[in-house]
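These numbers were taken from a predicted model, which means no experiment stands behind them. Start at 1 with the first residue, then count along the sequence.
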Amino acid sequence: QVQLVESGGGLVQAGGSLRLSCAASGRAFSTYNRGWFRQAPGKERESVAAINRSGGSVLYTDSVKGRFTISRDNAKNTVYLQMNSLKPEDTAVYYCAADKGGWTTLREGAYDYWGQGTQVTVSS
């Protein structure tokens, strides 16, 4: 059974930083593209960032460019999301996901496995 487990969420003031982690078990996830998504209260889930198998290709949604950094450690089957200069509008449940496909993508429908999510709350 494939499992993705997020950690690192919490409450932070605007302008602060958090680093989310997503550990994978059950499969060799070094062969999967990985992504981060988020869902704010009352809104649809949206893409945040994606990274390919090797870590050499990354994508970001426009609202987080220059503030968030996605990275991965294949030896640990873990993907990270470093979030700096956080804003209240970044408040959401953050989900990591894994994609068996061939291309780095922010398209939610491409992802095959999902974690349970971790809450990030940014106070003003």
Side-chain angles (χ1 to χ4, degrees):
Q1 183 67 26
V2 170
Q3 288 188 332
L4 299 174
V5 180
E6 302 97 335
S7 62
L11 174 64
V12 64
Q13 289 188 333
S17 299
L18 283 174
R19 188 176 82 152
L20 305 183
S21 300
C22 177
S25 62
R27 283 303 219 15
F29 272 89
S30 60
T31 63
Y32 288 63
N33 298 321
R34 304 288 292 276
W36 285 98
F37 296 79
R38 66 186 181 185
Q39 187 168 22
K43 295 186 178 181
E44 293 187 352
R45 188 158 57 187
E46 63 175 356
S47 61
V48 176
I51 189 168
N52 73 339
R53 294 166 178 78
S54 68
S57 176
V58 296
L59 296 173
Y60 297 97
T61 196
D62 286 346
S63 61
V64 307
K65 284 180 180 177
R67 301 188 298 123
F68 290 12
T69 302
I70 188 171
S71 61
R72 65 189 296 163
D73 183 340
N74 286 339
K76 297 181 179 180
N77 274 345
T78 300
V79 65
Y80 304 97
L81 185 68
Q82 178 67 45
M83 305 186 295
N84 298 328
S85 302
L86 283 162
K87 305 175 181 179
E89 51 263 44
D90 294 317
T91 295
V93 176
Y94 283 70
Y95 299 89
C96 72
D99 165 28
K100 298 183 291 185
W103 302 99
T104 314
T105 179
L106 291 172
R107 187 173 63 86
E108 181 177 343
Y111 286 79
D112 305 286
Y113 304 103
W114 293 84
Q116 294 299 307
T118 185
Q119 177 71 47
V120 171
T121 303
V122 184
S123 63
S124 57

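Nearest heavy-atom pair across Ala97 and Leu4 is CA-CD1, 3.7 Å. Residues Thr104 and Ser57 come closest through the heavy atom pair OG1-OG, 3.4 Å. Of all heavy-atom pairs spanning Ala49 and Leu81, the tightest one is CB-CD1, 4.2 Å. Summarising the geometry of Leu18 relative to Gly8, their closest heavy-atom pair is CD2-O, 3.8 Å, with the distance given to 0.1 Å.
As a member of the Ile/Leu/Val/Met/Phe/Trp/Tyr network built from side-chain separations under 4.5 Å, Leu106 groups with Leu59. Val5 belongs to no multi-residue hydrophobic cluster, having no ILVMFWY side-chain contact under 4.5 Å with any other such residue.
Residues passing the side chain to side chain contact (heavy atoms under 4.5 Å, CB included) test with Ser7, sequence neighbours excluded: Ser21. Listed by chain and residue number, Asp99, Thr105, Arg107 satisfy the side chain to side chain contact (heavy atoms under 4.5 Å, CB included) test with Ala110 (two or more places apart in sequence, or in another chain). Annotation: side chain to side chain donor-acceptor pair (under 3.5 Å) contacts of Glu46 (sequence neighbours excluded): Arg38. Under the rule for a side chain to side chain donor-acceptor pair (under 3.5 Å), Gln116 has no partner lying at least two apart in sequence or in another chain. Contacts of Lys43 classified as salt bridge (charged side-chain N to carboxylate O under 4.0 Å, His left out), with partners at least two apart in sequence or in another chain: none. With sequence neighbours left out, Gln82 forms a side chain to side chain donor-acceptor pair (under 3.5 Å) with Asn84. Annotation: side chain to side chain donor-acceptor pair (under 3.5 Å) contacts of Arg19 (sequence neighbours excluded): none.
Salt bridge annotation for Asp90-Lys87: absent, with no cationic side-chain nitrogen under 4.0 angstrom from a carboxylate oxygen.
Applying the ring pair (Phe, Tyr, Trp, His ring centres under 6.0 Å) definition to pairs two or more places apart or across chains, those involving residues 35-66 are Phe37-Tyr111, Phe37-Trp114. Counting only residues at least two apart or on different chains, the disulfide bond (SG atoms under 2.5 Å apart) pairs with a member in residues 76-124 are Cys22-Cys96.
Separating the CD atom in Glu89 from the OG atom in Ser63 is a distance of 8.5 Å, to the nearest 0.5 Å. Here the CZ-CG distance, from Phe68 to Leu86, works out to 5.0 Å after rounding to the nearest 0.5 Å. Rounding to the nearest 0.5 Å gives a distance of 11.5 Å between CZ of Arg72 and OH of Tyr32. Here the CD1-CG distance, from Ile51 to Asn33, works out to 9.5 Å after rounding to the nearest 0.5 Å. In this structure, OG1 on Thr91 lies 8.5 Å from CG on Leu11, to the nearest 0.5 angstrom. Atom-to-atom distance recorded for Asn77:CG and Arg34:CZ is 7.0 Å, nearest 0.5 angstrom.
With contacts defined as side-chain heavy-atom distances shorter than 4.5 Å, the pair Glu6/Tyr94 does not qualify.
With hydrogens and angles disregarded, a donor-acceptor distance shorter than 3.5 Å links the side chain of Asn74 to the backbone of Arg53.
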Quiz item: Val12 and Met83: side-chain contact (heavy atoms from CB on, under 4.5 Å), yes or no, with the steps?
Solution: CA-CA 11 Å; Val12 64; Met83 305 186 295; over 6 Å; no
Tell me which donor-acceptor pairs under 3.5 Å the side chains of residues 117-124 have, and how far apart each pair is, sequence neighbours excluded?
from: Thr118; atom 1: OG1; to: Gly9; atom 2: N; distance (Å): 3.3
from: Gln119; atom 1: NE2; to: Ala92; atom 2: O; distance (Å): 3.4
from: Gln119; atom 1: NE2; to: Thr121; atom 2: OG1; distance (Å): 3.3

